[in-house]
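The first residue in the sequence is number 1, and the count goes up from there. No hydrogens, no waters, no symmetry mates; every other heavy atom, side chains included, goes into these values.
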Amino acid sequence: MSLLVMKFGGTSVATPDRIRRAAKRVGREVANGHDVIVIVSAMAGKTNELVGWVNDTGPFFDAREYDAVVSSGENVTAGLMALTLQEMEIPARSWQGWQVPVQTNSSHGAARITGIPTETMAARFADGMKVAVVAGFQGVSPEGRITTLGRGGSDTTAVAFAAAFGAVRCDIYTDVDGVYTTDPRIVRRARKLDRIAFEEMLELASLGAKVLQTRSVELAMRYKVKLRVLSSFDEYDENAGTLVCGEEEIMESNVVAGVAYARDEAKMTLLGVEDRPGIAAAIFGPLAEAGVNVDMIVQNISEQGHTDMTFSCPVDQVGRAQKAIEDAQAAGGFAYSELLADTDTAKVSVVGIGMRSHAGVAAQMFRALRDEGINIKVITTSEIKISVLIDRKYMELAVQALHDTFDLDKPGAERSVRA
């Protein structure tokens with residue numbers, strides 16, 4: 001059996017007409033000899049509407065009932081897609097998460113997939129079913145309750161099915177035609193990549209690129225699932241989109257693949273922290289427990305037994321971070337003299353697997369920012385990434401300058417991402 005997984009996002013199934021358009025793409029793959037598992041999101045805007053209804057019930061809702069409500073949008077889309085395919089005389093059946101079952105843990109609202117048994121669905125394919133339409137974003141807990149995987153979770157559903165069934169490829173249909181060197185809305189000369197390595201895509205997704213959910217890329221890299229990102233609005237082309245694949249499948253790695261950004265970052269600094277063993281755990285443990293997504297961390301040199309600690313987090317988590325730190329201090333976890341919050345910053349990053357074997361990328365990056373008069377507040381690096389925190393008003397200028405510095409608009413340098 002040659003099996004293909006096709007995932008359609010909310011904009012691709014936003015109306016009955018768009019569902020029919022997507023169904024025709026599925027029908028073409030069936031005609032090409034594939035059995036197909038289709039993963040669908042809720043129609044565009046429906047999940048937000050459902051979340052709004054839950055929020056209207058009160059601020060302290062039951063997370064289990066939240067999942068029961070917000071997962072229903074995918075059920076509607078799955079049923080409509082199956083009906084549309086049946087009208088095209090393609091044997092299709094819809095499946096909700098609990099019917100597969102998509103097994104998850106009990107973390108309602110942010111569940112993680114623990115297993116996907118294949119026997120039942122494989123038997124249906126063997127009996128003549130050609131398309132299984134699965135409601136994405138949802139699963140079932142060990143307690144038998146409906147769970148959801150977090151926003152963008154349908155991407156993760158698709159990759160998990162591709163891994164479980166050994167699919168030849170997982171196609172992610174969305175409203176963009178691939179992965180770009182950076183956001184074309186900021187840099188008009190941004191170029192679409194034919195291929196990008198898993199590691200690069202994972203870094204770019206975690207740094208703010210909106211093309212794929214980070215967890216879906218993690219799964220694809222772990223299980224070597226070939227991902228293709230392409231538009232559901234373009235005409236059919238078997239070579240369309242961007243293939244996310246292993247590094248060994250890319251002939252030559254450019255030094256920098258793309259420039260990503262996160263607009264709404266905050267820089268927080270604890271002054272006068274006691275410099276002793278365990279102080280980092282005392283600070284960042286409570287932040288983790290409070291659900292604060294800490295990213296860049298810098299500790300200054302100790303002076304007279306005290307140091308300063310700086311970290312970044314999303315702007316909308318500043319209040320939560322402040323409360324966690326104040327509560328930890330009150331509980332005797334650690335002491336500090338002052339907490340400063342700069343909520344007008346942005347993070348800009350360059351990513352590329354070619355950085356492993358090329359020196360001087362950081363120097364090029366810093367010179368480009370210097371030449372534009374952009375001051376760097378915080379720097380962090382990894383083997384294939386350099387990130388800086390800067391004033392938000394300079395973010396677009398920084399993205400444009402770095403895109404130009406690394407010649408990402410030129411042929412041969414077109415391995416990129418849309419943020």
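- You'll find the side chain of Lys377 reaches within 4.5 Å of the side chain of Asp391, heavy atoms only.
- Note on Asp342 versus Lys267: no salt bridge recorded, every NZ/NE/NH1/NH2 to OD/OE distance being 4.0 Å or above.
- The backbone N or O of Leu212 lies less than 3.5 Å from no partner atom in the side chain of Ser216, so there is not a single donor-acceptor pair.
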Check your understanding: Should Glu218 and Arg215 be marked as a salt bridge (Lys or Arg N to Asp or Glu O under 4.0 Å) after you check the CA-CA gap, both sets of side-chain angles, and the distance that decides it?
Key -> CA-CA 5 Å; Glu218 289 175 349; Arg215 282 166 57 192; 5.9 Å; no
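- Note on Asp344 versus Arg392: salt bridge recorded, some NZ/NE/NH1/NH2 to OD/OE distance being below 4.0 Å.
- Under the side chain to side chain contact (heavy atoms under 4.5 Å, CB included) criterion, Trp95 pairs with Arg93, Gln99, Val100, Thr120, Met121, Arg124, Met129, Ala132, Val134, sequence neighbours left out.
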Enumerate donor-acceptor pairs with a distance under 3.5 Å from any side-chain N or O in residues 144-151 to protein atoms, sequence neighbours excluded.
unit_1 : atom_1 : unit_2 : atom_2 : d
Arg145 : NH2    : Glu65  : OE2    : 3.2
Thr147 : OG1    : Thr104 : OG1    : 2.8
Thr147 : OG1    : Gly139 : O      : 3.4
Thr148 : OG1    : Asp67  : OD1    : 2.6
Arg151 : NH1    : Asn48  : OD1    : 3.2
Arg151 : NH2    : Asn48  : OD1    : 3.0

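- Taking the ring pair (Phe, Tyr, Trp, His ring centres under 6.0 Å) definition, one finds that Phe233 meets it with nothing, sequence neighbours left out.
- Partners of Ser12 by side-chain hydrogen bond (donor to acceptor under 3.5 Å, both in side chains), not counting sequence neighbours, listed by chain and number: Ser232.
- Judged purely by distance below 3.5 Å, without hydrogens or angles, the side chains of His34 and Ser2 pair a donor atom with an acceptor atom.
- Classification of Arg356 and Glu247 as a salt-bridged pair holds, one side-chain N sitting under 4.0 Å from a carboxylate O.
- The closest donor-acceptor contact from the side chain of Arg228 to the backbone of Thr242 lies at 3.5 Å or more, if one exists at all.
- Among residues two or more places apart in sequence or in another chain, the ring pair (Phe, Tyr, Trp, His ring centres under 6.0 Å) test is passed with Tyr66 by Phe61.
- Take Asp234 and apply the salt bridge (Lys or Arg N to Asp or Glu O under 4.0 Å) test, not counting sequence neighbours, and it matches no residue.
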